[in-house]
Structures are given as C-alpha cells and as structure tokens.
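Scroll down for the structure; my scribbles are underneath it.
Throughout, a chain's letter reflects where its sequence line sits, starting with A, and its residues are numbered from 1.
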2 protein chains.
Amino acid sequence: MNSNTYSTVGSFGKKRISESTIHRLSRYYRTLSVLEKEGLQTVSSKDLAKREKLTPAQVRKDLSFFGSFGTRGLGYPVTELKHQMASILGIDRLWRVALIGVGNIGSALVGYKEFARQGFNIIKLFDNDQRKIGSNHKGITISDVRNLERDLKEARIEMVIIAVPATVAQYIIDDVVKAGIKAILNFAPANLKVPNDVFLRNENMSMELEYLSFALVNNHAQKK
Amino acid sequence: MNSNTYSTVGSFGKKRISESTIHRLSRYYRTLSVLEKEGLQTVSSKDLAKREKLTPAQVRKDLSFFGSFGTRGLGYPVTELKHQMASILGIDRLWRVALIGVGNIGSALVGYKEFARQGFNIIKLFDNDQRKIGSNHKGITISDVRNLERDLKEARIEMVIIAVPATVAQYIIDDVVKAGIKAILNFAPANLKVPNDVFLRNENMSMELEYLSFALVNNHAQKK
DNA sequence: TTAACTATGTGAAAAGGTTCACAAAAGTAT
DNA sequence: ATACTTTTGTGAACCTTTTCACATAGTTAA
C-alpha cells in the first residue's frame with residue numbers, strides 16, 4: 001500500500017481513528033520538528049519510539065492508519081513526515097481563533113508561542129470587564145463580550161478558546177454556538193453542554209497534578 | 001464488600017488502576033463539589049454518569065476499584081463520596097509545590113485558583129532572570145534558580161511545576177531530581193528524561209487545539 | 001551481484017478497558 | 001408485612017488498543 005491509496009486526505013475511509021492516536025500524532029509532529037532542527041534526514045520507528053517512550057510497533061501502526069510514509073531498510077524522511085503529520089492534523093494552515101476571558105489564564109494563552117507556531121492565530125479577544133474592553137493586549141484590542149455572536153461571525157472565527165470563570169462558561173458557550181462555531185477549547189472547570197455537531201474539548205490543568213498526587217500517595221507503579 | 005475491606009487507603013491490593021480511571025476520579029471529585037453546593041444529599045451512578053457523559057456502569061466500576069461507597073436503592077452520599085475521592089487522590093491534605101519559570105504561563109499558574117482549592121500550595125517561585133529574582137509575585141519572593149537544589153530541599157518541596165523554555169527544561173529537571181523531588185508537572189514542550197522512580201507528567205496545551213483542528217478538517221465523528 | 005542487514009507495514013494474538021446483565025440489597029408504597 | 005421499585009457491585013462478554021511476529025522490500029558492503 002502506498003500513500004496514494006489515501007488520495008483524499010481527510011477522509012481516511014471508514015476507519016475510526018482513536019483519540020490516543022491523534023494525540024500521539026501531535027507528539028510526533030513536535031519531535032519531528034526537533035529532529036529536523038538537529039539536521040536529521042531520516043528517522044526510524046525505533047528512534048521515534050525511544051524519544052516518545054513508546055514501542056516501535058505503536059509508531060508504525062499509528063502512521064499506517066494514514067498511509068505508508070517510510071522506506072524499508074531506511075526509515076522515515078523527517079521533513080516529509082513532519083509535513084504529513086501537519087497535513088493530517090490540519091495545522092498546515094492558519095486557523096482564525098478567538099479567546100474569551102482575558103484574565104489570569106487567558107492572557108497567558110494569548111502570548112503562548114506554541115499556538116502561533118502551529119497555525120493557531122488568536123486574532124480576537126473578548127472580556128466583560130469595562131476596564132479591559134477597548135484596551136490593547138499584545139497588539140489586540142479587547143472586545144465587549146456582549147457583542148460576541150456578531151463579532152465572531154464578522155471576524156470569521158473558526159475556533160474559540162474559553163477562559164472565563166466556571167459560573168458564566170455555559171452562557172458564553174451558548175453564544176459561541178449561536179455564532180456557528182464548531183470547535184471550542186474550554187479551560188473553565190465546568191461540564192458544558194454543546195450540540196452534537198460542535199467539537200468541545202476540555203483542558204483541566206489540575207488533573208495532572210491530581211494524578212501526581214495519587215501516584216505519590218499510592219506509590220503507584222511507574223509506567224514502562 | 002464494604003469500604004472497610006480497603007482499610008489501608010493507598011494500597012488497593014495488586015490491582016493496577018488505569019490512568020483513565022484516575023482522571024475520571026478527578027472529574028467525579030469536581031462534580032461532587034458542585035452537587036454538594038447544590039444541596040444534594042445523594043447521587044446515583046446514573047446521575048453522575050449523565051453529568052460526565054459516561055455510562056452508569058463505568059462510574060460504578062471506577063468506584064468499585066476502591067471500595068463500596070453506595071447504598072443500593074438509594075445511590076451514593078454526595079459529601080462522603082467527595083471526601084473519599086479526595087482521600088484516594090491524595091488531595092485531602094496540603095502539598096508543598098514549587099514553580100520554576102515565572103514567565104507567561106508560569107505567572108498565570110501561580111494565580112490559578114483550582115490548584116489552591118485542591119491543596120496544591122505553590123510556596124516557592126524560581127526564575128533565572130535577574131530582574132525578577134528578589135521581586136514579589138502574588139506574595140511570594142522569586143528565588144534564583146541557581147540555588148534550586150538547595151532551596152527545594154530547604155523548603156521541603158514535594159512537587160514541582162516546570163514552566164521554563166523547552167531549551168533549558170532538561171537542565172532544570174536534572175537539578176529538581178537531584179533535590180529528591182519525586183513528582184514533576186512539566187509545561188515545557190519537550191521530551192524530558194527522569195529516573196524511573198520519579199513521576200513526570202506533561203501538560204501540552206496545544207494538543208487539544210490540534211485535536212480540534214483534526215476533527216474539523218476530517219469532520220471526525222463526534223463521540224456518542 | 002550477491003549476501004547480509006535493516007526497517008517497514010500489517011494480519012493475528014494479547015492485553016486492557018468498557019459495557020452488559022443480573023443477583024443482591026436497600027428503599028418505597030400499599 | 002408484602003410486593004414492587006430502585007440502584008449498587010461485579011463477573012463475564014464485548015470491544016478497542018497495543019504488541020507481536022514475520023513477510024516484504026529496501027539499504028549497505030564487499
């Protein structure tokens with residue numbers, strides 16, 4: 001099977017690709033960027049697996065869902081595989097992103113270089129605080145959240161990051177959905193409801209600390 | 001089987017508890033806190049599952065790894081179950097946490113209320129920037145990262161959060177390990193190495209945006 | 001050119017995680 | 001009291017994900 005078998009990038013047949021696979025593709029992409037900077041031409045599934053603390057079979061299987069990118073006896077071409085990962089993840093383009101809630105977490109996210117590096121361009125900021133509205137934050141004027149629906153449409157926003165207090169998150173999200181946004185990343189610690197055709201992902205930064213806490217208290221077996 | 005069967009909280013026999021289960025316990029804990037505020041006395045696995053978008057069986061199975069907390073015909077006592085979750089996760093106590101790298105992300109984390117609410121007390125800050133060292137950030141004086149090992153020991157730090165640039169993260173982590181720290185939460189986009197007895201978790205905030213990007217581009221089937 | 005080596009791609013097996021289905025135990029109503 | 005309802009706790013079945021193992025195809029060296 002060669003990569004042309006999957007001529008329509010984006011459909012991937014009827015196969016359901018698991019969340020873990022997608023997350024690992026993100027990691028491969030990042031590591032491939034590093035390898036590229038280190039000047040490597042090719043990388044084997046064994047090398048890549050070692051960097052990611054995975055098995056070589058896992059790496060090959062993940063990639064095999066999307067095509068056949070390697071050369072037997074040699075490995076994978078670093079730069080090309082990086083581009084392939086970007087294309088599969090949809091980060092070989094710019095995304096028009098808005099951020100709602102320019103508080104503690106929100107303002108940090110505006111300056112987060114990794115977002116920009118991967119094509120996520122935060123081009124609109126919203127807040128409900130009169131003191132912030134109209135002011136400039138890292139080159140972007142903060143808009144009034146009261147005009148959220150209208151402004152999201154007007155700016156042709158494709159993704160929204162929510163960093164407001166949990167108490168108001170559902171109201172905000174309802175407006176975001178009304179504006180026709182289909183992809184939302186939520187940092188508020190709340191269980192939010194969206195229609196079935198909207199992708200909602202939650203980022204819970206306490207979760208990993210809690211995992212560490214559990215691991216320490218239970219002296220949980222280290223993986224691998 | 002009643003909850004006394006597990007008198008030694010923390011051992012849980014030889015059963016290996018999966019990462020997903022632990023993460024769901026975090027979510028249960030948060031939701032139980034909300035339910036408690038709403039004044040609910042009891043909650044059934046069905047109710048809890050609905051809030052978390054899980055199956056009731058999943059909720060019951062997760063809890064059953066740790067004991068038997070419910071009453072048949074009635075459900076689970078909200079407040080008690082919340083305390084049980086806290087105890088299992090090890091967040092029914094205070095953790096002495098240090099944060100290294102008081103930059104964009106780092107300073108946001110210092111003020112992140114959820115950490116404090118769950119017992120994670122950030123009591124030491126470190127940076128390598130002479131302009132920051134000695135200054136006060138939200139009531140904590142920023143220390144020189146050059147004395148990291150000594151200061152971590154002195155302050156009896158138990159967990160470390162790393163929010164430094166990827167290029168220096170490994171050097172920092174080596175010092176953290178030298179100081180005897182066994183739990184590290186890393187925000188730097190890098191694959192870091194630690195000895196086998198150190199718990200390292202990575203927080204990659206781009207990952208979920210990339211998942212959304214993938215979902216949009218591939219019109220990936222929405223889950224359930 | 002040939003032999004030895006390396007590394008992919010992938011069915012099949014194994015491991016791991018989730019859901020089913022039901023007995024058991026408690027609550028509720030009459 | 002008794003019948004009926006609710007809901008837990010849990011083996012077993014099912015489904016998903018990971019790992020194994022090997023045929024295949026390319027590289028490398030002499």
Side-chain angles (χ1 to χ4, degrees), chain A residues 1-6 12-25 27-28 32 35 40-78 80-81 84 220-221 223-224, chain B residues 1-6 12-25 27-28 32 35 40-78 80-81 84 220-221 223-224:
Chain A
M1 189 200 281
N2 72 49
S3 58
N4 287 330
T5 309
Y6 293 102
F12 308 127
K14 287 273 177 290
K15 287 191 290 303
R16 197 185 168 290
I17 308 294
S18 79
E19 185 174 316
S20 338
T21 294
I22 301 307
H23 280 162
R24 282 192 300 268
L25 294 195
R27 292 166 55 191
Y28 300 154
L32 288 163
L35 293 174
L40 263 84
Q41 301 282 306
T42 55
V43 66
S44 67
S45 59
K46 198 174 149 197
D47 298 340
L48 206 44
K50 198 177 174 194
R51 299 233 181 194
E52 302 289 353
K53 288 183 193 132
L54 299 169
T55 63
Q58 178 79 83
V59 173
R60 295 201 299 275
K61 182 66 90 179
D62 282 339
L63 299 180
S64 79
F65 291 130
F66 302 97
S68 160
F69 309 115
T71 305
R72 291 171 193 222
L74 188 62
Y76 301 91
V78 171
E80 202 207 300
L81 188 59
Q84 292 281 4
H220 200 240
K223 276 190 299 187
K224 85 154 193 137
Chain B
M1 186 200 283
N2 72 49
S3 59
N4 287 330
T5 308
Y6 292 104
F12 308 127
K14 287 274 179 288
K15 285 190 292 301
R16 197 181 169 292
I17 307 293
S18 79
E19 185 174 317
S20 340
T21 294
I22 301 308
H23 280 162
R24 282 192 298 268
L25 293 196
R27 292 166 55 191
Y28 301 153
L32 287 163
L35 293 174
L40 262 84
Q41 301 282 306
T42 55
V43 66
S44 66
S45 58
K46 197 175 150 197
D47 298 340
L48 206 44
K50 199 178 172 192
R51 298 234 181 194
E52 302 289 354
K53 291 183 192 130
L54 299 169
T55 63
Q58 177 79 82
V59 172
R60 295 201 300 275
K61 181 66 90 180
D62 284 338
L63 299 179
S64 79
F65 290 129
F66 303 96
S68 160
F69 310 114
T71 306
R72 292 169 192 223
L74 189 62
Y76 300 91
V78 171
E80 202 206 302
L81 188 59
Q84 292 281 5
H220 200 239
K223 275 189 296 187
K224 89 165 184 136

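Note on B:S68: a side-chain N or O is less than 4.0 Å away from OP1 or OP2 of D:dG9. At least one side-chain nitrogen or oxygen of B:Y76 sits closer than 4.0 Å to the OP1 or OP2 atom of D:dG9.
Atom CG of A:L54 and atom NZ of A:K46 lie 15.5 Å apart (nearest 0.5 Å). The distance from the NE2 atom of B:H23 to the OG atom of B:S18 is 10.0 Å, given to the nearest 0.5 Å. To the nearest 0.5 Å, atoms CG (B:D62) and OH (B:Y28) are separated by 3.5 Å. One finds the OH atom of B:Y76 at 8.5 Å from the CG atom of B:L48 (value rounded to the nearest 0.5 Å).
Listed nucleotides: D:dT18, C:dG17, D:dT8. Nearest to the side chain of B:S44: D:dT8.
Regarding B:K53, its NZ atom lies at a distance of 17 Å from the P atom of C:dT18, rounded to whole Å. Distance CD (A:E52) to P (D:dT19): 14 Å, rounded to an integer number of Å. Residue A:D62 contributes atom CG, which lies 10 Å from atom P of D:dT19 at whole-angstrom precision. Whole-Å rounding puts the B:D47 CG to D:dT6 C1' distance at 12 Å. Going from atom CD of B:E19 over to atom P of D:dT17 covers 15 Å, rounded to whole Å. Look at CZ on A:R16: it is 12 Å from C1' on D:dC15, rounded to the nearest Å. Atom NE2 of A:H23 and atom C1' of D:dT18 are 18 Å apart (whole Å). A straight line from CD of A:Q58 to P of C:dA7 spans 19 Å, rounded to a whole angstrom.
Legend: residues meeting side chain to side chain donor-acceptor pair (under 3.5 Å) with B:S44, ordered by chain and number and at least two apart, are B:D47.
Bending across the helix from C:dT1-D:dA30 to C:dT30-D:dA1, expressed as the angle between its end axes from five pairs apiece, amounts to 20° (10° rounding).
The nearest pair of heavy atoms linking B:P77 to B:F69 is CD-O, 3.3 Å. Closest non-hydrogen pair, B:P56 versus B:A49, comes out as N-CB, 3.5 Å.
In this structure, B:R27 contributes its side chain and B:E52 its backbone to a donor-acceptor pair below 3.5 Å.
In this structure, the side chains of A:L35 and A:R51 come closer than 4.5 Å at one or more pairs of heavy atoms.
Residue contacts shown for A:S45 are limited to sugar-phosphate atoms, with no base heavy atom under 4.0 Å away.
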ask   = Which letters describe nucleotides 20-30 of chain D, given B = protein heavy atom under 4.0 Å from base, S = only from sugar-phosphate, - = neither?
value = BB-BBBS----
